[in-house]
2 protein chains.
Amino acid sequence: MDIRGLRYFLATYKAGSVSAAARQCHVAQPSISAAIKQLEDELGTALFDRHAKGVRPTAAGQRLYPMAAGLLADSAAIVQSFRQPDQRQPLTLGLMRSLGAQRMSGWLQRLLQMEERFELTLVNPEEPCDARIITSSMCHPHEHFEPIWQDAYRLALPAGHPLTLKPRLGLADLHGQSFIIREHCEANAHFLQALHQQQLTVQPRAHLRTIEYSRALVQANVGLALVPDWPEHRKCTDMVLAELSDWQRTVVVGLAYSPDLPSALLEPLLQACTACQ
Amino acid sequence: MDIRGLRYFLATYKAGSVSAAARQCHVAQPSISAAIKQLEDELGTALFDRHAKGVRPTAAGQRLYPMAAGLLADSAAIVQSFRQPDQRQPLTLGLMRSLGAQRMSGWLQRLLQMEERFELTLVNPEEPCDARIITSSMCHPHEHFEPIWQDAYRLALPAGHPLTLKPRLGLADLHGQSFIIREHCEANAHFLQALHQQQLTVQPRAHLRTIEYSRALVQANVGLALVPDWPEHRKCTDMVLAELSDWQRTVVVGLAYSPDLPSALLEPLLQACTACQ
DNA sequence: AATGTCCATAATTTGTTCCGATACCAGATC
DNA sequence: GATCTGGTATCGGAACAAATTATGGACATT
């Protein structure tokens with residue numbers, strides 16, 4: 001009986017799938033399979049019924065679940081009780097712009113609730129930091145990258161804009177339109193390039209950095225903009241999000257970290273990441 | 001936090017010594033040292049004060065002890081609760097003669113109390129069995145051997161025998177004496193050979209197998225005998241145990257087992273062995 | 001002083017765990 | 001039905017962790 005096996009068992013139980021558990025635990029699927037088999041051998045009983053769409057706990061598995069959870073919680077509590085709460089561990093996170101304040105603050109909240117001992121500092125992603133929350137394309141080659149969200153970029157139109165009436169929008173429809181361009185945005189750059197390739201142009205009306213200002217200008221009917229498809233954008237009544245039939249782009253936002261980040265810092269971060277999915 | 005580390009910590013705590021814990025856990029001393037250090041790193045605090053005559057738990061170590069014991073007990077209880085009590089595991093032990101009924105039955109009692117699930121069968125050590133309790137000299141070369149007791153052989157004299165008056169006894173004093181010879185006893189054979197080498201002889205009055213009969217004949221004043229130095233022999237008032245100045249022999253009684261004995265059987269056995277020391 | 005005991009460290013060997021690739025199975029889709 | 005998709009089990013080799021032997025230093029005991 002080892003803790004690792006119980007952790008894998010719990011993850012599998014909660015996920016209802018060995019593969020999903022493997023993704024959550026950041027190990028390969030065979031590791032989980034082997035650990036569960038070992039546990040089953042030790043207990044002398046099957047814990048899961050395997051079938052094509054995942055695994056279903058047996059009666060024994062269901063019986064084990066609360067025990068395993070309890071044991072795991074106990075072991076965590078023991079460690080916790082020895083780590084002084086006053087020896088707060090500093091954690092510096094580099095946050096890219098335009099993450100969506102709501103979503104991001106929720107994520108940070110979850111992280112800090114999970115791990116009392118962190119003392120968090122937020123900086124720009126170019127500055128020295130323990131880990132960064134950025135798009136996958138900003139990730140350095142030596143860094144690991146753990147995805148958190150996927151943002152599909154949409155065209156934001158002011159409510160009542162003539163184009164909102166068209167059932168299908170393509171790049172050609174945007175020719176000559178007023179546009180709010182967000183700098184440092186990969187999706188924007190890609191979009192402009194796609195226009196250029198088709199010899200289409202838009203009229204830049206503003207160059208700015210934050211999504212919040214873009215949105216405000218769209219809502220003020222200054223022009224169109226590309227914005228990520230966030231719930232808070234969909235909720236706006238004075239702005240409409242539209243899909244483009246011949247251009248689409250999603251960026252993956254996630255946690256980038258050096259391979260030699262201490263696991264005491266890394267693990268809670270990764271857990272906060274998977275908790276989002 | 002892993003179970004193994006906690007096991008080592010507990011053993012060290014109870015033994016008050018890393019080396020002793022290593023012996024009990026059947027691993028080398030550095031393994032324990034490393035595991036404890038790892039645990040200390042994880043908890044962020046020292047668990048033992050090291051000094052020359054062993055280790056003494058710190059306050060943190062004392063605080064950890066009941067928690068660790070609890071966690072370990074919990075994990076064992078979980079495993080236990082899944083192993084059906086009705087699927088008793090057969091265990092066949094080969095017991096050599098002359099082990100000392102009292103001592104041996106105590107050992108077996110301890111074993112069975114420790115492990116409810118065993119269904120014990122006792123056979124002679126030549127018969128097929130899972131493990132044997134024999135002297136080290138009876139151990140086959142491929143078998144592992146775990147010592148349990150050491151038996152020093154002594155000369156048993158009837159109370160009132162003339163030789164009991166001599167302060168020092170040597171082999172030469174035994175020349176021509178009546179003797180009760182126990183067959184299949186390594187110590188007896190060695191003893192007779194030693195006599196032979198010094199061209200001394202004794203008068204064999206009986207050849208028998210069990211220590212109990214030997215003792216009875218000594219007590220009945222039939223002659224002298226070699227018997228192991230057991231408390232029950234010392235307690236006899238009609239028999240005296242004496243040391244020989246120029247001959248001595250101790251045999252090591254222990255558990256002999258094949259290297260591929262399943263650990264589910266082996267571990268409780270080894271635990272019963274170390275519990276004796 | 002010399003010896004013995006104990007713990008820590010270093011270097012090596014051994015044994016597990018993990019991974020990627022592959023095989024296989026069952027249900028959904030065409 | 002053939003194919004595709006998403007799932008699990010199994011295999012051989014790579015990476016890692018754990019155990020071992022050997023050694024050194026600190027403190028008692030002889």
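Letters A, B, ... mirror the listed sequences (proteins, then strands); counts begin at 1.
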Expected rows: protein N/O vs nucleotides 12-19 of chain D N/O, under 3.5 Å:
| unit_1 | atom_1 | unit_2 | atom_2 | d |
| --- | --- | --- | --- | --- |
| D:dA18 | OP1 | B:R4 | NH2 | 3.2 |
| D:dA19 | OP1 | B:Y8 | OH | 2.9 |
| D:dA19 | OP2 | B:R4 | NH1 | 3.0 |

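- Under the 4.0 Å criterion applied to side-chain N and carboxylate O atoms, B:R168 and B:E243 are not assigned as salt-bridge partners.
- Cation-pi contact between A:R56 and A:F48: absent, since separation from the ring centre below 6.0 Å together with deviation from the ring axis within 45° is not met.
- Contacts classified as side-chain hydrogen bond (donor to acceptor under 3.5 Å, both in side chains) and involving residues 28-38 of chain A (residues at least two apart or in different chains) are given here: A:Q29-A:S33.
- A:R56 places its CZ atom 14 Å from the C1' atom of C:dA26, with the value rounded to the nearest Å.
- A salt bridge links B:D151 with B:R103: the distance from a Lys NZ or Arg NE/NH1/NH2 to an Asp or Glu carboxylate oxygen falls below 4.0 Å.
- Dense packing is recorded around CZ of B:R50, with more than 12 heavy atoms of other residues, nucleotides or ligands lying under 6.0 Å away.
- By the 6.0 Å and 45° rule, A:R63 stacks over the aromatic ring of B:F82.
- Rounded to an integer number of Å, the gap from OH of A:Y13 to C1' of D:dT8 is 19 Å.
- Under the 4.0 Å criterion applied to side-chain N and carboxylate O atoms, B:D2 and A:R4 are not assigned as salt-bridge partners.
- The number of heavy atoms from other shown groups lying within 6.0 Å of CD (B:Q248) does not exceed 12.
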Do any N or O atoms of the protein come closer than 3.5 Å to N or O atoms of nucleotides 5-8 of chain C, and which pairs are they?
| unit_1 | atom_1 | unit_2 | atom_2 | d |
| --- | --- | --- | --- | --- |
| C:dC6 | O4' | B:A52 | O | 3.3 |
| C:dC7 | OP1 | B:V18 | N | 2.8 |
| C:dC7 | OP2 | B:V18 | N | 3.4 |
| C:dC7 | OP2 | B:S19 | N | 2.8 |
| C:dC7 | OP2 | B:S19 | OG | 2.6 |
| C:dA8 | OP1 | B:R50 | NE | 2.2 |
| C:dA8 | OP1 | B:R50 | NH2 | 3.3 |
| C:dA8 | OP2 | B:S33 | OG | 3.0 |
| C:dA8 | N7 | B:Q29 | NE2 | 3.0 |
| C:dA8 | N6 | B:Q29 | OE1 | 3.3 |

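- The separation between A:I36 atom CD1 and D:dT10 atom P is 13 Å, rounded to whole Å.
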